[in-house]
Amino acid sequence: MEPCAKPEPVREFIPYGRQSVDADDLAAVAAVLQSDWLTTGPLVEKFEYEFSKWTGAVHSVAVSSGTAALHAAVFAAGIGPGDEVIVPAITFAATANSVEYQGGKAVFADVDPDTLLIDPEDAERRITPRTKAIITVDFAGQPCDYSAFFSLARKRGLTFIADACHSLGAEYKGKKTGTLADLTAFSFHPVKHITTGEGGMISTGSSELAARMRRFRNHGISTDHRQRTGRKMWEYEMTELGYNYRITDFQCALGVSQLKKLNSWLVRRNEIARFYHASFSGSPIMPLELLPEIRHAYHLYVLRLGPGIGKPDRRKVFLRLHEMGIGANVHYIPLHYHPYYRDKYGLKRGDYPAAEAAYERILSIPIFPGMSDEDCGSVVDAVFRAADLARSGRRPGWKK
Ligand SMILES: *Cc1c(COP(=O)(O)O)cnc(C)c1O
């Protein structure tokens, strides 16, 4: 059978993020597609095992998306109607939505204007007697202040959930994300660090929470099909209301294969970030600030357009970049601007000053391991041109 012809690219467009899939990945997926188990099979456990080995987490539970991972974590934390959970005011909607799925209330906390990481002091101010958990986000791939949030959670009796969908492979004080909170959620969407098409994982040190999430991803049923087949039995019990959040074995085969390349991809993401940093230094285009004692995972590279090229010209910069074939993007619109949250909780402009001010100036430019040195140079040139700025004399080289 002839394989489908690869479509010709219309032009060389550089998106803000893109997966890398090679022949080993294809072979791994094809092998599983021809096996007995397409779902609830041995590759799910294998992926969980390899993932735990990679991050150092005790338990990892694979699910169908990053959103399902967050929902499972919120469920495992026992969040229900009337409970409040603190989340950052700037993040992808799924962070907050996971709380709402369980009937809880997502309470936003403002972010640090220089890092866009959730501000521990503002988070603490928003704790009420109804607060049950806090969800941090490692914005753009930089770990939040895990020590601060861990102590805050212990002091106030909260479950600490980390949304690490941006930060697979990142490190905080030498420890990888996935080992630093009570529950940590990851995503394997194609723009993230490794992909399974759609997919997600939750890591935890608690065997009880892990068992709860395994039931949750399978309708709230205590055993799965393969376990019952192995034990020659049909009986099962549904003990709580779960969902079908299972991930397939062929997706997990892709995950296992992708994981082997994760470290080299993180190295490349950091290399690109250093090049961008050096290229924009001394210009009115400012990257987000970096904290000490971290390894950044650079899911995103977020710029802040300085005075004169910020509001009202960000849209112009964005549109010009698209005309030049650069897929710039904005991460993210503050959550309280979305009609669902604005109207449900009566939120308004002015409620989250740091998030709002940052939102006016941020722009994400492409960063993914498949970018060539030349691609990165084109992005920098395009950003300077789009912002009507003369590029400063120094052109950084590639230090590898
Ligand atoms: C990608 C992402 C998610 C959701 O992941 P999906 O796999 O797309 O469901 C959640 N939170 C953050 C911060 C993300 O970036």
Side-chain angles (χ1 to χ4, degrees), residues 15-19 47 51 60-75 77 85-102 106 108-109 111 115-118 133-144 146 149 160-170 177-178 180-181 183-203 213 216-217 243-248 251-252 254-255 258 269 288 296-302 329-335 338 340-341 355 358-359 362 364 367-368:
Y16 82 88
R18 191 184 195 288
Q19 73 277 12
F47 185 34
F51 191 88
S60 298
V61 179
V63 291
S64 54
S65 71
T67 305
L70 284 163
H71 188 184
V74 166
F75 172 82
V85 178
I86 294 169
V87 306
I90 284 199
T91 177
F92 183 53
T95 314
N97 295 353
S98 65
V99 177
E100 301 279 321
Y101 293 152
Q102 286 304 108
F108 306 139
V111 293
T115 61
L116 298 190
L117 292 166
I118 179 169
I134 181 158
I135 309 181
T136 58
V137 173
D138 298 330
F139 192 85
Q142 167 155 257
C144 69
Y146 276 90
F149 286 104
F160 177 12
I161 302 172
D163 177 343
C165 290
H166 291 188
S167 65
L168 174 57
T177 56
L180 297 154
L183 293 146
T184 307
F186 296 95
S187 163
F188 309 127
H189 181 277
V191 296
K192 304 286 164 67
H193 305 83
I194 63 170
T195 193
T196 57
E198 299 280 0
M201 190 79 81
I202 323 96
S203 293
M213 294 189 291
F216 185 69
R217 73 173 170 193
Y243 290 76
N244 179 354
Y245 278 162
R246 295 185 307 252
I247 184 169
T248 65
Q251 287 175 292
C252 288
L254 180 55
Q258 292 256 304
R269 284 179 183 275
L288 293 177
H296 205 305
Y298 283 109
H299 159 54
L300 300 173
Y301 193 88
V302 176
N329 215 322
V330 174
H331 298 97
Y332 296 91
I333 298 165
L335 291 180
H338 290 296
Y340 176 84
Y341 288 108
Y359 169 62
I362 48 178
S364 306
I367 189 164
F368 55 91

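Order of listing sets the numbers, starting from 1, for every ligand and every atom in it.
- Near Gly66, meaning under 4.0 Å from one of its heavy atoms, ligand 1 places the atoms 5 (O), 6 (P), 7 (O), 9 (O).
- Looking only at side-chain heavy atoms (C-beta outward), Pro88 and Phe139 stay at 4.5 Å or farther from each other.
- Donor-acceptor pairing under 3.5 Å is recorded for the side chains of Thr95 and Asp163.
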Evaluate Phe188 against His193 for ring pair (Phe, Tyr, Trp, His ring centres under 6.0 Å), listing each step before the verdict. CA-CA 7 Å; Phe188 309 127; His193 305 83; 9.8 Å; no
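- Taking a cut-off of under 4.0 Å to the non-hydrogen atoms of Tyr332, the atoms of ligand 1 that pass are 15 (O).
- Counting the atoms of ligand 1 from 1 in the order shown, those under 4.0 Å from a heavy atom of Ser187 are 1 (C), 5 (O), 6 (P), 7 (O).
- Ligand 1 has Leu70 within reach: a non-hydrogen atom of the residue lies less than 4.0 Å from it.
- Heavy-atom proximity to Thr91, at under 4.0 Å, picks out these atoms of ligand 1: 13 (C).
- For the ligand labelled ligand 1, residue His299 lies outside the 4.0 Å heavy-atom shell.
- Without hydrogens or angle criteria, Glu198 side chain to His189 main chain gives no donor-acceptor distance under 3.5 Å.
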Stepwise side-chain contact (heavy atoms from CB on, under 4.5 Å) check, Thr177 with Phe186: CA-CA 9 Å; Thr177 56; Phe186 296 95; 3.7 Å; yes
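- Comparing Thr67, Asp163, Val137, Val63 against atom 9 (O) of ligand 1, the shortest heavy-atom distance belongs to Thr67.
- Two rings, from Tyr16 and His331, have their centers less than 6.0 Å apart.
- For atom 1 (C) of ligand 1, the nearest protein heavy atom (residue, atom name, distance) is Lys192 NZ, 1.5 Å.
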